[in-house]
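Whatever order the structure lists ligands and atoms in, that order sets their numbers, starting from 1.
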Amino acid sequence: MTRQYDIAVIAGDGIGLEVVPAALRCLTLVAERHGFALNLTEYPWGSAYFRAHGAMLPTDGLDRLARHDAIFLGAVGDPEIPDVETLWGLLIPIRRTFDQYINLRPVRTLPGIPARVVGAEDLDLVIVRENVEGEYSAVGGRIYRGEPHEAAMQEAVFTRRGISRAARYAAELAAGRRGLLTSATKSNGIVHTMPFWDEVVAETMVDFPGVRLDKVLIDALAAKLVLDPGAFDVIVASNLFGDILSDLAGALAGSIGVAPSGNLNPEKRHPSMFEPVHGSAPDIAGLGVANPVGQLWAGAMMLDHLGEPAAAGELTAAFEACLADGLRTRDLGGAASTGEFTDGVAARLAAEPARA
Ligand code: NAD
Ligand code: IPM
Ligand code: MN
């Protein structure tokens with residue numbers, strides 16, 4: 001019997017509805033070529049579902065997702081619905097319910113993309129973002145609503161377990177790459193959680209004598225990323241810092257439209273979720289111009305996670321070859337539509353013999 005993987009597909013909102021079908025077409029092709037099947041179950045959950053039902057997903061939605069081998073997500077977010085309803089109604093509960101505590105975000109310069117800044121041609125880094133705690137916490141509230149003296153409080157939550165498992169994952173990754181780990185901190189201004197972050201990261205490094213740890217304040221780190229992008233290997237960061245650095249690094253590589261992410265439960269006790277770094281991009285939604293590379297690359301990460309590295313490599317090579325040929329969407333200075341780029345990738349996949 002052929003290898004089978006059950007994939008939950010949530011295209012979501014905005015350009016998610018455009019780039020997910022594009023990526024599924026290529027994923028299905030590459031799966032056929034490598035002799036395995038992706039059993040896709042599409043869930044129409046997102047803002048349209050919210051408008052109809054008052055919730056982002058049905059009450060048994062998370063239980064249904066739990067049965068799949070992986071989740072393939074597009075994007076969530078609608079300009080007319082508060083993000084707190086949409087994101088905290090779908091994306092964040094998935095990350096937390098399935099303990100997807102690592103958000104893995106590789107960024108590298110792809111062929112054929114003109115460099116945005118000097119040195120960006122050497123960009124090849126991975127952001128390991130802590131994905132279930134930190135600054136993204138529901139602890140807090142608002143008081144005196146509507147009064148002139150209204151106030152809001154939000155408590156960041158950093159746990160030894162949360163920091164150390166992110167640091168350990170990042171250090172292991174660095175050990176298999178160039179051996180350099182940069183920890184994003186702000187322990188000069190945020191005086192409780194960030195010194196704790198620094199301590200736990202440093203403790204974890206005791207087990208990784210071959211990895212050099214650089215602790216860099218987040219403000220200086222942002223500048224250094226622009227000035228010397230090739231200097232970074234693996235960056236470990238809290239939920240918020242990792243979020244911001246991901247868009248910055250994606251832009252340095254050419255466009256946030258190319259950046260992928262894996263929300264991982266590394267122990268595979270629960271399904272992991274693969275999605276691009278970008279959002280629903282309401283400014284270009286429906287125009288057919290969205291760059292599908294972030295979604296395609298997220299698809300390749302999913303194949304890798306499922307244990308199909310040859311297929312993952314072939315998919316990555318196919319979109320890279322299209323870029324190298326000069327096929328580019330608008331965000332990269334080209335004129336190709338989402339469909340034309342996807343046709344290019346599909347044609348390339350069909351043209352060459354499958355690589356083992
Ligand atoms: P965004 O990432 O959607 O867009 C930022 C800019 O990048 C826009 O100009 C957009 O056109 C461009 N862009 C993004 N992806 C692109 C692509 N594939 N091709 C070409 N251009 C692309 O960020 P935003 O505008 O701040 O957020 C829009 C909505 O998406 C909000 O509701 C936000 O909360 C949500 N969001 C969701 C996710 C997610 O689902 N994981 C991630 C980020 C933002
Ligand atoms: C991302 C997004 C989300 C995040 C938002 C939409 C909550 O920006 O996945 O990068 O900050 O995690
Ligand atoms: Mn983000």
Per-atom contacts of ligand 2 with Arg129, taking only distances under 4.0 Å to non-hydrogen atoms:
1 (C), 4 (C), 9 (O), 10 (O), 11 (O), 12 (O)

Just jot down the ligand 2 atoms closer than 4.0 angstrom to any heavy atom of Arg105, in number order.
1 (C), 9 (O), 10 (O)

So which heavy atom on [X] is nearest to which on [Y], and how close?
{"X": "Pro114", "Y": "Leu332", "result": "CD-O, 4.4 Å"}
{"X": "Glu314", "Y": "His34", "result": "OE1-NE2, 3.1 Å"}
{"X": "Ala237", "Y": "Leu245", "result": "CB-CD1, 4.5 Å"}
{"X": "Leu327", "Y": "Glu340", "result": "CD2-O, 3.9 Å"}

Cation-pi, Tyr43 ring and Arg64 (6.0 angstrom, 45 degrees)
no

Could you tell me whether [atom] has at least one protein heavy atom nearer than 4.0 Å?
{"atom": "atom 12 (C) of ligand 1", "result": "no"}
{"atom": "atom 3 (O) of ligand 1", "result": "yes"}
{"atom": "atom 27 (O) of ligand 1", "result": "no"}

Name the closest protein heavy atom to [atom], giving the residue it belongs to and the distance to 0.1 Å.
{"atom": "atom 18 (N) of ligand 1", "value": "Asn291 O, 3.0 Å"}
{"atom": "atom 7 (C) of ligand 2", "value": "Leu87 CG, 4.0 Å"}
{"atom": "atom 9 (O) of ligand 2", "value": "Arg95 NH2, 2.7 Å"}
{"atom": "atom 44 (C) of ligand 1", "value": "Gly279 CA, 3.4 Å"}
{"atom": "atom 37 (C) of ligand 1", "value": "Val76 O, 3.0 Å"}
{"atom": "atom 21 (N) of ligand 1", "value": "Ile284 CD1, 3.5 Å"}

Closer than 4.0 angstrom, basic N to acidic O: yes or no for [X] and [Y]?
{"X": "Arg95", "Y": "Glu275", "result": "yes"}
{"X": "Glu320", "Y": "Arg108", "result": "yes"}
{"X": "Asp69", "Y": "Arg3", "result": "no"}

Checking Asp122, Val117, Asp124 against Pro229 for side chain to side chain contact (heavy atoms under 4.5 Å, CB included), the one that qualifies is Val117

Shortest heavy-atom approach to [atom] - which of [options]:
{"atom": "atom 14 (C) of ligand 1", "options": "Gln295, Arg330, His278, Arg95", "value": "His278"}
{"atom": "atom 25 (O) of ligand 1", "options": "Pro282, Gly46, Gly250", "value": "Pro282"}
{"atom": "atom 2 (C) of ligand 2", "options": "Thr86, Asp243, Val76, Asn263", "value": "Asp243"}

Restricting to N/O/S, name the atom of Asp243 that gets closest to the Mn ion (ligand 3).
OD1

Side chains of Asp13 and Ser280, donor plus acceptor under 3.5 Å
no

Do Glu203 and Ser164 get their side chains close enough for a donor-acceptor pair, meaning under 3.5 Å?
no

When the ring planes of His149 and Tyr144 are compared, do they come out parallel, tilted or perpendicular, using 30° and 60° as the limits?
tilted

Measure up the His270 and Phe98 rings against each other and bin them: parallel (under 30°), tilted (30 to 60°), perpendicular (over 60°).
tilted

Can you tell me if Val289 has a non-hydrogen atom under 4.0 Å from ligand 1?
no

With a 4.0 Å cut-off on heavy atoms, is Ser280 touching ligand 1?
yes

Test salt bridge (charged side-chain N to carboxylate O under 4.0 Å, His left out) on Asp343 and Arg25 and set out the steps.
CA-CA 9 Å; Asp343 287 345; Arg25 183 177 154 206; 2.8 Å; yes

Going by the atom numbers of ligand 1, which of them fall below 4.0 Å from some non-hydrogen atom of [X]?
{"X": "Glu275", "result": "39 (C), 41 (N)"}
{"X": "Ala281", "result": "3 (O), 10 (C), 11 (O), 14 (C)"}
{"X": "Asp283", "result": "8 (C), 9 (O), 10 (C), 11 (O)"}
{"X": "Ile15", "result": "15 (N), 16 (C), 17 (C), 18 (N)"}
{"X": "Leu87", "result": "34 (O)"}
{"X": "Asp83", "result": "31 (C), 32 (O), 33 (C), 34 (O)"}
{"X": "Ile256", "result": "2 (O), 5 (C), 7 (O), 14 (C)"}
{"X": "Ala290", "result": "19 (N)"}

Val200 with Phe208, same ILVMFWY side-chain cluster at under 4.5 Å
yes

Treating Ile, Leu, Val, Met, Phe, Trp and Tyr as nodes and any side-chain heavy-atom pair under 4.5 angstrom as an edge, say whether Leu173 and Phe241 lie in one connected cluster.
yes

I want to know if ligand 2 touches [X] in the polar sense, i.e. an N/O pair below 3.5 angstrom.
{"X": "Glu275", "answer": "no"}
{"X": "Asn103", "answer": "no"}
{"X": "Tyr136", "answer": "yes"}

